[in-house]
Q: 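Input: one structure, supplied below.
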Amino acid sequence: MEKISVAVRFRPPNPAAADPSPGGAGGGGDREWRIDDTRVTLVHRAAGPAPGAPFVFDHVFDRTATNERVYGTVVRDLIGAVVDGFNATAFAYGQTSSGKTFTMNGSDVDPGIIPRAVRDVFDTVRQTDDREFLVRVSYMEIYNEEINDLLTLEGRRLPIKENLERGVYVAGLREEIVNSAEQVIESSAKNQIDSEDPIRVSVLNLVDLAGSERNNKTGTEGVRLNEAGHINKSLLMLGNVINKLSESGKQRGHIPYRDSKLTRILQPALGGNAKTSIICTAAPEEMHIEETRGTLKFASRAKCVSNCAQVNEILTDAALLKRQKREIEELRKKLQGSHSEGLEQVVLKLRNDMHKSELERDRLAMELEEERKLRIEQQKKIEGLDNTSISADQFTDSTQLDALKTPDSKYIPDGFVAHRSRYSNDVEFSPLPENLDNIANDDLWTCLNKGCVTDLDMLEMTPGLKREASLLQDATSIALLQEKLQPIARCNIVEASYSQSLLNRNMGAAPLEEPTDARCQRLEKDCVSDRQQLEESNVRCAALEKERDLLRDENSSLQQEISDSKREANLLIAEKQARLDDSIARCVAVERELSVSRQDADRLAAEKQELAGELGVERQKMEELKQDIRVISRAFSQREGQLTSLYTKSKAILENCKASHVATLP
Ligand code: ADP
Ligand code: MG
C-alpha cells in the first residue's frame, strides 16, 4: 500500500492583482495564502494567520516553480515505474484558469508534464537493455459524460468495460503504435521473445481536467451551461470518490466510481492498482479564496488515499504451461530436497535427543537404585551397630573382657592396615607379626579392611614395645580373638580400626582400657554421623528422583514434539502432493487443449489446402469461361460487323428501291 502523492501549485497572480509580499502567494487584497515549505495558510495581511489549521502536503510550489521542477519532483519517478510494468496516473485538479492546462501541457519554452513524460518514457525505454517495448498511444476526451476518441472520428460515445486482464478500459478506443509518443507501454524480456514469456502491460494516464466553472462568475447559459453542469458533475463525483476513499475502513462502504465516466476511468488510479500523483492548481487572488480553499480540502483528503500498485503481467497459454511446469519441478525438488530433508533432520535430532534422555533416565534410575541399596545397607549397619553394643555382663571370663578392652591409642576414624611394605623387615618394632596368616587369614583381613587399603603410617602404634612370640602361639588367644573379631568385622571401618587396636593389645601391648560408657558414647556419635550420612543420601535420593521426573516430563514433551512434527510433515507432504496433483492436472488439461488446438489448426490447414485446390479449379474454370467469353465476343463482333454491313446494304437497296419507285410513279 502506498499513499497518493499530492502537490499544490499556485500560479502567478494576474498582473492587476499582483501585490507580492514575502512568503505570500501574491494574490493582493486583505487576505492571502502564505506558503511555508510544505504548508499553506490563509493570513490576514494586517492581523496574521486567519483561524484554521494550515494545510500540509507532500510538496507545495509557489509562483516561481517551473514545469520542469514540478515534473521532476512529482512525476519523474512514475515513468520508471511504468516502464517496470506498473500503472501510473498524473492529473491536475483545480478551478478554471488555475493553471491545469499550463501544468499538463505547458508552453514551448517550458513544456508541461505530458510532453516531458513522453520524452522520459522513450529515454527510459532506450536505456532498458534487457526488455523490448511496444508503445501504444490513445487520446480521448470526456465531454458531457460521453467518451470520444480524439484519434478517429468514428470513435464516439465509447463504453467503459472491465475485465480481469485489462482492468477498467474504454472499449474500442484506438491505440496507435508509436515510436516517439505516449501512454501505453508493453514489454517482454529480450532475446526470449517467444510466446512463453510473460508480457508486462502498464498504462500511463495523463489527464487534463476541465475546470469547474462558477456559472455566476462566468455568466454561461444554454448549451454551455449544460456542458458546465457535466464538467461539474465529473469533478463533484471525483470529490465524492476521494471523500469516501479518505474515510477510515469501517465507515467507507461503497465507493461511487460508477457515478461518472471520469471516476470510472480513473478507478485504478484512485485506491487501486496504480501509482498516482495529483497536482492541485490554485489561483492566488483574493476573489478565488473560497475555490482555493475547496481545492486545498480536496487535496488534503486525496493525501489520505492509499493505492496498491503491482506489476501487470499477461501470460499466454504456452507461458502459463511453462510456468506451471517450472512450479511443478520446484515443488518436486522441494519435496525430495531440502525441505523434507530438513524435516527428516529435525525428526532425527528429536529422536536422538529422546534416545539420549532415555539413556540418562536409565542411568539415573540405576544410580537411584544403588543409592537406595546403599541406604538400606547403611540402615542395616546402624541397626547392627545398635545391636552390637558390648556390655561387660556378656563376658564370664575377665580375660575375654580384657581382650576386648581398648588399647591406649588415639582413635583414627578412617585409618586402616594393609600396606606394610615399609615394615616387613623391621621385625623388632613391627606392630604386626611377620606372618599374619597365623592370626587371621586373608579373607578375614579383607573383611576387616572392607577392601580398604591404607598406609601403615595411618595406624596408631605403641612404639618400643617388644613383640612376644609366645603369645602368637597361644591358640586359645587366637581362637578367642577370631571369635571376638568376627561380629565386629561385619561392622564398618570404625569397628575394624578398633579391632586393630585390639589386635595390638593381644600382641602384648600394654592394655589401655576404654571405659564402656565412653565407648557407648563414641558408638552413639558414630551412629549420629551415620544417620546424618543417611539423611544426606535421602536428600540426594530425593533430588535424583526429582531430576528423573523432570527428565521423564522432558522425554514425554519431546515425544509429543516428534509426533507433532511428524503430523506436520505428513500434512505438508499431503499439501504439496495435492498441489503437485493439481498442477499436473492443470498441465494435462492445458496440454490437452493445446493438442486440440493443434488438431484444429491441422484440420483448418487441410481445409485451407482443399479450398485452395478448389479455388485453383474455379480459377481455371473462370479462365476457360473468360476464353469462351472472348471467343464469343469475337464471334459476336464479327457477326455484328456482318449484320452492320448487311444492314447498310439492305438500307442502300431500300433507298434504291424507294428512288426507283418514286421515279416510276406518274
Ligand atoms: P486551466 O487549465 O486550469 O483552466 P490554464 O492552464 O489555462 O488554466 O491557465 C490560465 C492562464 O494562466 C493561462 O494563460 C496560463 O498561461 C496562465 N498560467 C497558469 N499557470 C501558470 C504558471 N504557473 N505560470 C505562468 N502562467 C500560468
Ligand atoms: Mg485548461
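When a ligand or atom number is given, it counts from 1 through the structure's own listing order. Computation of the quantities below employed the complete heavy-atom set of this structure, encompassing side-chain atoms and omitting hydrogens, waters and symmetry-equivalent molecules.
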Q: Salt bridge check: are R598 and D602 linked by an N-O gap of less than 4.0 Å?
A: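 Salt bridge flag = no for D602 with R598.
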Q: Return a yes/no value for S97: is any of its N or O atoms, backbone included, closer than 3.5 angstrom to an N or O of ligand 1?
A: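 Looking only at distances, the answer is yes, because the N/O contact criterion of under 3.5 Å is met.
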Q: If the condition is side chain to side chain donor-acceptor pair (under 3.5 Å), which residues does S306 pass it with, not counting sequence neighbours?
A: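 K3.
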Q: Relative to each other, are the rings of F10 and W33 parallel, tilted or perpendicular (30° and 60° limits)?
A: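 Answer is tilted, since the angle falls between 30° and 60°.
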Q: Below 3.5 angstrom, do we get any N/O pair linking A65 and ligand 1?
A: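 In this structure, A65 places no N or O atom under 3.5 Å from an N or O of ligand 1.
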Q: Look only at interatomic distance and state if G99 has a nitrogen or oxygen under 3.5 Å from any nitrogen or oxygen of ligand 1.
A: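 Right, the criterion is met.
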Q: Take atom CD of Q609 as the centre, draw a 6.0 Å sphere, and report whether it contains more than 12 heavy atoms from other residues, nucleotides or ligands.
A: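 Atom CD in Q609 is not packed in, count stays at 12 or less.
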Q: So is T101 polar-close to ligand 1, meaning N/O to N/O under 3.5 Å?
A: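 For ligand 1, there is an N or O atom that lies under 3.5 Å from one belonging to T101.
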Q: Decide yes or no for V82 and T124: does some side-chain heavy atom of the first lie under 4.5 Å from some side-chain heavy atom of the second?
A: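 Side chain of V82 against side chain of T124, heavy atoms only: no contact under 4.5 Å found.
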Q: Is it true that D110 and R116 make a salt bridge, defined as a side-chain N closer than 4.0 Å to a carboxylate O?
A: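 Judged by the 4.0 Å cut-off on N to carboxylate O distance, D110 and R116 do form a salt bridge.
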Q: Just which atoms of ligand 1 are under 4.0 Å from any heavy atom in R9?
A: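 Per the distance check, 23 (N).
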Q: Looking at ligand 1, is there an atom of it that comes within less than 4.0 Å of some heavy atom belonging to T281?
A: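 Heavy atoms of T281 never come under 4.0 Å of ligand 1.
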Q: Answer yes or no: does an N/O atom from S98 fall short of 3.5 Å to an N/O atom of ligand 1?
A: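 Yes, at least one N or O pair falls under 3.5 Å.
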Q: A side-chain contact here means heavy atoms from C-beta on lying under 4.5 Å apart; do R11 and F102 qualify?
A: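 Heavy-atom side-chain distance check fails, nothing below 4.5 Å.
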Q: Report whether any nitrogen, oxygen or sulfur of S97 sits less than 2.8 Å from the Mg ion (ligand 2) (N, O or S, backbone or side chain).
A: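 Under 2.8 Å: S97 has no N, O or S contact with the Mg ion (ligand 2).
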Q: Closest by any non-hydrogen atom to atom 3 (O) of ligand 1: pick that one out of M104, R63, K100.
A: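 It is K100 that holds the nearest heavy atom.
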Q: Can you list, pair by pair, the side-chain donor-acceptor contacts under 3.5 Å of residues 266-280, counting residues two or more places apart and other chains?
A:
unit_1, atom_1, unit_2, atom_2, d
Q267, OE1, R264, NH1, 2.7
N273, OD1, Q310, N, 2.8
N273, ND2, N312, OD1, 2.8
K275, NZ, E2, OE1, 3.1
T276, OG1, A269, O, 2.7
T276, OG1, N307, ND2, 3.1
S277, OG, V74, O, 3.0

Q: At a 4.0 Å threshold, what atoms of ligand 1 neighbour a non-hydrogen atom of T96?
A: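 The list of qualifying atoms is 4 (O).
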Q: Under 4.0 Å, heavy atoms only, figure out whether ligand 1 is touched by the backbone of Q95, its side chain, both or neither.
A: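 The answer is the backbone.
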